Amino acid sequence: MRGPSLAPFLLLAACSLPHPSRHREAPVEAIVLGNAQDGGLPHAGCGRPCCEAARRDSSRRALVSCLGLIDREAGRAFLVDATPDFPEQVEALNRAAGRPAASLPDGILLTHAHVGHYAGLVHVGREVAAADRLPVWCTPSMAAFLRSNGPWSLLVSEGHVELRETPPSTTVELTPRLRATPIPVPHRREFSDCVAWRIEGPGRALLYLPDIDGWDDLPGGLPGILGGVDVALLDGTFFDPASELPGRDPSKVPHPPIPDTLRRLAALPGRREVRFTHLNHTNPANVPGSAESRRVEAGGARVARAGERFALAGGPPTP
Ligand SMILES: [Zn+2]
Ligand SMILES: [Zn+2]
């Protein structure tokens, strides 16, 4: 989200698209396809060092937060959220899954109706891919938004997408070895409710939670939603909201600051892999080697990186 000030902020962010040959392939896995807040990096209209650096150096660009799911045995691949970077992320998913470059995902799971999370659906309509009944799993609230607002309504009425309404906390079977459950989370409801997706493979469970207003209003809190979760990708929008939204009221766009989440994580029993995603363009934790990024690592977590994979089929974590 854009801050109006021209005050300089140093933000360098690394973004590299997946290079499958560098990774061991797991039969069922999740892959990070982007780690930036809805506006990406560089951010339109931002002239501060964070975005100027990303314009000069493409390795510092970051695509919008998105997750891919792959079941190699079933030959299926899915996206969690359809972002403004949809074309590039679909290609990265296809490369990682070993599918033809022109493949569309076998389905899309949506978290909520803020632009970074569903606007990529424009690419499956008549003007672009003209998909044939592409499955879209979302809550009834999100489905109602898509059905009743153009241009999304045309995707539904013309049969380009098939909305698979999934009430919060009900589980869908994406493949025989890949299950997904939307978990309701408190987040600004301008257009729809918001969910995190809990993804279960044959051996491990992953939580994808890119947006939440704060942990205190979440039923069961962080301990509840992380129960039985081996890998958690959590809202890391801001490290220090006051300095990362100059001239704006952070309470209008609430997110739990990363240090707050790290404190809560430190008090939890058990071990899990934690990655922060959905970082605002001004968030210095996205700069490899920054003091903020070192604090994340000292807290036992990391910032999610595009191309990073997580095996969901049991056994040790994918390196
Ligand atoms: Zn968002
Ligand atoms: Zn949002």
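If you're wondering where the values come from, they're calculated on a predicted model, not measured in any experiment. Both counts, for ligands and for their atoms, begin at 1 and track the order of listing. All values below were derived from every heavy atom in this structure, side-chain atoms included, with hydrogens, water molecules and symmetry-related copies excluded.
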Once you measure the plane-to-plane angle for His112 and His117, does it fall in the parallel (<30°), tilted (30-60°) or perpendicular (>60°) bin? tilted

If we ignore angles and hydrogens, is there a donor and acceptor under 3.5 Å between the side chains of Thr83 and Asp81? no

Protein N/O/S atoms closer than 2.8 Å to the Zn ion (ligand 2), ordered by chain and number, come to His112 NE2, His114 ND1, His187 NE2

Would you call the rings of His187 and His114 parallel, tilted or perpendicular, taking 30° and 60° as the class edges? perpendicular

Quick one: sort the Tyr118 and Trp152 rings into parallel, tilted or perpendicular, breaks at 30° and 60°. perpendicular

Which pairs pass salt bridge (Lys or Arg N to Asp or Glu O under 4.0 Å) with one or both residues in residues 147-159, sequence neighbours excluded? Arg126-Glu158, Arg147-Glu165

Quick one about Ser65 and Tyr208 (side-chain donor to acceptor, distance below 3.5 Å, no hydrogens or angles considered), yes or no? yes

